[in-house]
K.L.:
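Below you'll find the structure I mean.
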Amino acid sequence: MTAVAGLVMVAAGAVCFGGAIAARRWFGIAAAALMVLAMLDVAFVGVLPPLVWAGGLLVGGLVLGIDLRFGPASRGCGVPDAPGVPRNPGLERAVLISAALAYPATAWLLLSHGGAMGGAGGAGAGGSGASASAAGVHSGHGAQDVLTGVLPTVGAAALAAVLLVLAVVALRQRRRFLTIEAGGMAAMLAAMLVLH
């Protein structure tokens, strides 16, 4: 993993965490804190394996989805961003759904990178031999590669593009919390996709 991509991942997670704190969204704060810790550990520390973080991110995305579905009808990103800026429930919902979907996408990207992402947990000389033998074992599974590799990667890239568009729309509507959330998640997914 390059240091720049790791920094982008951690910074994007921190931006999302700050936006969740500012918006006083408690489930969002918990999920974003988990995301920041996962990015920091996977990018630089390597204490826990990516599988553990991926499981945590899946649970975080599920909790955000449940909160979106069953939370209060007035759930949004907190108070309007600036005086006189009307709320746009459709935009808020689109950003929150896309951000919740980014958690399982991030979990999948962590799993697909495996040990090669981590700083301390990255693959060493022994890891390259294991990767080579695993590549030899799976080289004949074209359809499986499409289902487990290509389609999820395309889906994660599409989600990053959707989040980027939502960030631009939110910025044009002067909705800074929505801009931070959508932009941060788009940057994180993009950094992980670059490493994929």
Side-chain angles (χ1 to χ4, degrees), residues 9-10 12-42 48 50-112 148 151-190 192-193:
M9 290 163 48
V10 173
V15 164
C16 292
F17 181 64
I21 289 174
R24 297 181 303 271
R25 290 184 8 251
W26 304 114
F27 287 113
I29 291 169
L34 178 67
M35 180 73 79
V36 171
L37 291 173
M39 295 301 107
L40 185 62
D41 186 54
V42 168
L48 296 175
L51 179 63
V52 172
W53 290 116
L57 291 173
L58 284 173
V59 170
L62 183 62
V63 167
L64 286 176
I66 290 170
D67 184 45
L68 251 171
R69 176 68 177 100
F70 298 110
S74 63
R75 186 192 191 284
C77 286
V79 296
D81 293 292
V85 175
R87 293 187 75 143
N88 183 342
L91 178 61
E92 288 178 9
R93 190 154 186 82
V95 168
L96 294 173
I97 289 171
S98 299
L101 289 173
Y103 281 80
T106 303
W108 178 83
L109 288 169
L110 284 179
L111 289 177
S112 69
T148 61
L151 291 179
T153 301
V154 170
L159 182 58
V162 166
L163 283 161
L164 181 61
V165 168
L166 289 170
V168 170
V169 170
L171 181 64
R172 291 182 61 137
Q173 293 186 12
R174 297 182 299 154
R175 300 299 309 272
R176 67 177 177 257
F177 294 139
L178 293 176
T179 303
I180 288 169
E181 181 137 11
M185 286 302 222
M188 184 179 310
L189 286 174
M192 294 182 78
L193 284 164

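All values derive from a computational prediction rather than experimental measurement.
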K.L.:
Does a side-chain heavy-atom distance below 4.5 Å link L178 with L166?
P.N.:
no
K.L.:
What closest approach, in Å, do A12 and G184 show between heavy atoms, and which atom pair accounts for it?
P.N.:
CB-O, 3.2 Å
K.L.:
Between T106 and M39, is there a side-chain heavy-atom distance shorter than 4.5 Å?
P.N.:
yes
K.L.:
Nearest 0.5 angstrom please: R24 CZ to I29 CD1, how far?
P.N.:
9.5 Å
K.L.:
So, using side chain to side chain contact (heavy atoms under 4.5 Å, CB included) as the criterion, who are the partners of V52 when residues are at least two apart?
P.N.:
L48, P49
K.L.:
Got a second to check how far I66's CD1 is from F27's CZ, nearest 0.5 Å?
P.N.:
9.0 Å
K.L.:
Mind listing the closest non-hydrogen atom pair of G61 and P104 along with its distance?
P.N.:
CA-CD, 4.5 Å
K.L.:
To check you understand the geometry: which heavy-atom pair defines the closest contact between L164 and A186, and what is its length?
P.N.:
N-CB, 3.8 Å
K.L.:
Indicate yes or no: at least one non-hydrogen side-chain atom of L109 is less than 4.5 angstrom from one of L193.
P.N.:
yes
K.L.:
Could you walk me through whether R175 and V95 satisfy the side-chain contact (heavy atoms from CB on, under 4.5 Å) test, starting with their C-alpha distance in whole Å, then the side-chain angles of each, then the deciding distance to 0.1 Å, before giving a yes or no?
P.N.:
CA-CA 11 Å; R175 300 299 309 272; V95 168; over 6 Å; no
K.L.:
Please name the pair of heavy atoms, one in A14 and one in V36, separated by the smallest distance, quoted to 0.1 Å.
P.N.:
N-CG2, 3.5 Å
K.L.:
Side chain to side chain contact (heavy atoms under 4.5 Å, CB included) with V169: which residues, sequence neighbours excluded?
P.N.:
L91, V165, Q173
K.L.:
What closest approach, in Å, do A99 and L163 show between heavy atoms, and which atom pair accounts for it?
P.N.:
N-CD2, 4.1 Å
K.L.:
Going from OH on Y103 to CE on M188, what distance comes out if it is rounded to the nearest 0.5 angstrom?
P.N.:
7.0 Å
K.L.:
Measuring from M192:CE to L110:CG, what's the distance to the nearest 0.5 Å?
P.N.:
4.0 Å
K.L.:
Could you tell me which residues satisfy side chain to side chain contact (heavy atoms under 4.5 Å, CB included) with I97, sequence neighbours excluded, listed by chain and number?
P.N.:
L68, R93, L101
K.L.:
So which heavy atom on L111 is nearest to which on A54, and how close?
P.N.:
CG-CB, 3.6 Å
K.L.:
If I take atom CE from residue M185 and atom OG from residue S98, how far apart are they, to the nearest 0.5 angstrom?
P.N.:
10.0 Å
K.L.:
Hey, does L34 have a side-chain heavy atom less than 4.5 Å from the side chain of W53?
P.N.:
yes
